[in-house]
Amino acid sequence: MKVLILGVNGFIGSHLSHRILTDTDWEVYGMDLGDNKLTGVIGNSRFNFIEGDISINKEWIEYHIKKCDVVLPLVAIATPKTYIEDPLGVFELDFEENLNIVRQCVKYNKRIIFPSTSEVYGMCADQAFEEDTSHLILGPIRKQRWIYSCSKQLLDRVIWAYGERHGLDFTLIRPFNWIGPRLDSLETAKEGSSRVVTQFIASLVFTQPIVLVDGGRQSRSFTYIDDGIDAVMKIIRNENSIATGQIFNLGNPANNCSIEELAHKLLDMFKSHPAHRLDDAYSEIIIQDADSFYGESYQDIYTRVPSIKKAKEILGWEPRVGLDDALKKTLEAFLEEVSRGNG
Ligand code: UDP
């Protein structure tokens, strides 16, 4: 099988490439702006990498969509701070550029596995979000935080319609706060614009305050990357077309945890880490209101728990890595990176 991964140097793309090359005889064709996360993958004869930009290198992309069996367009901005700071950039990249890819998959009759997001459920009040029945609830237009959710939702609907009307072979996946090594760079976190786990780890490493937005009572279901990749592998294999035309939540409801609890867990893990046990000082945990942290066009999501019934029944998938383990592995990987001087 030939797998095309756009955004191959990203968090999911790099882990997925590694897994494919380790566990299968498939070939990977990948494009990204850089290759810093692809150590151990670059150099493999079944890994074909090109440095490029999906908004520029369109001929390469079209040629490889024709050539490959399955396409994973993983290029997207997925950090809430950017939804506020650059809403049009999010729309142009996450929606417009990806729409072109979707249309080419229709044109060349190729299977597409598209990363939707847990963010599409927005402020849905269900205790556990269901792929096929939960309502997708977003805030007012002036709250630009929702431009990402809305862009992804519209693509979900477009892909679904291409499936119904033109026979597009697709699967939509909805990752719920996946975490693990290579999540984001600590450098971006230094500027305060990363996802929460990287942000907190960066605060610990640079002994800056850990900020609980609005007190940190909001919660997320953190999911370890290896578990997520297990599901994606089953979806790529797609035995008996089980995943075709389906949407799957890929998250770990057992790892649901408040942001406040997350901060304390990471602080405790950091304090007891051999390299930091004897530090002079540690980050303090402070509270800041959302308007001053993100800006007025932010609106938070208070609960986000997936129902994974469908993934269990159809894919025979279940996440296995508990929260403490997932956080330890993530923290450990970042600290190793810092000690190698790449932090
Ligand atoms: N958050 C926080 N402090 C930070 C960064 C984020 O309290 O330094 C909160 C944020 O308000 C949200 C949650 O952590 O409720 C998760 O944020 P993240 O950026 O990881 O993305 P999301 O899950 O909202 O897409």
Side-chain angles (χ1 to χ4, degrees), residues 11-12 76-87 90 94 115-124 129 136-139 143-153 174-180 183-186 188-225 228 249-253 255-267 270 283-306 323 326-327 330 334:
F11 172 50
I12 299 178
I77 293 166
T79 42
K81 197 129 194 178
T82 321
Y83 314 156
I84 313 296
E85 285 167 2
D86 186 15
V90 171
D94 294 19
S116 175
T117 168
S118 51
E119 178 106 0
V120 292
Y121 297 105
M123 299 177 289
C124 177
F129 303 156
L136 312 178
I137 314 284
L138 311 189
K143 298 290 184 187
Q144 288 285 21
R145 186 247 161 88
W146 302 110
I147 197 159
Y148 170 72
S149 174
C150 190
S151 297
K152 287 281 190 181
Q153 183 191 150
R174 296 194 172 147
F176 280 66
N177 293 77
W178 288 11
I179 59 170
L183 178 59
D184 301 294
S185 94
L186 289 184
T188 16
K190 228 180 192 173
E191 298 147 20
S193 53
S194 238
R195 289 173 275 202
V196 69
V197 169
T198 330
Q199 200 57 58
F200 285 1
I201 293 175
S203 300
L204 289 165
V205 167
F206 303 119
T207 329
Q208 289 167 352
I210 291 179
V211 181
L212 301 179
V213 171
D214 285 343
R217 267 169 299 154
Q218 60 277 43
S219 66
R220 296 292 184 270
S221 302
F222 296 99
T223 308
Y224 194 59
I225 182 77
N249 288 339
L250 301 178
N252 192 336
N255 286 355
N256 189 46
C257 161
S258 75
I259 300 304
E260 185 185 16
E261 205 184 330
L262 174 79
H264 286 283
K265 276 182 185 291
L266 284 170
L267 178 60
F270 186 82
S283 303
E284 52 172 342
I285 298 178
I286 62 166
I287 293 176
Q288 193 176 337
D289 64 89
D291 280 3
S292 68
F293 187 82
Y294 285 106
E296 280 174 11
S297 57
Y298 181 75
Q299 201 167 19
D300 218 320
I301 292 169
Y302 293 100
T303 60
R304 178 189 279 169
V305 180
L323 183 60
L327 292 175
T330 307
F334 275 115

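Whatever order the structure lists them in is the order used to number ligands and atoms, beginning at 1. The analysis underlying the following values was restricted to heavy atoms, covering all of them including side chains, and did not include hydrogens, waters or symmetry mates.
Although no hydrogens or angles enter the test, the distance criterion places no donor-acceptor pair under 3.5 Å between the side chain of T198 and the main chain of L186. With hydrogens and angles ignored, the 3.5 Å screen pairs a side-chain donor or acceptor of Q199 with a backbone N or O of A189.
Rounding to the nearest 0.5 Å places CZ of F334 at 6.0 Å from CG of D184. Atom-to-atom distance recorded for Y294:OH and I84:CD1 is 8.5 Å, nearest 0.5 angstrom.
Using a heavy-atom distance under 4.0 Å as the criterion, the protein contacts of ligand 1 are P80, E119, R145, N177, R195, V196, Q199, F200, V211, L212, V213, Q218, R220, I259, F293, Y294, Y298, D300, R304.
Every side-chain contact (heavy atoms from CB on, under 4.5 Å) that E85 has, sequence neighbours left out, goes to K81.
Residues Y298 and D300 bring a donor and an acceptor atom of their side chains to less than 3.5 Å of each other.
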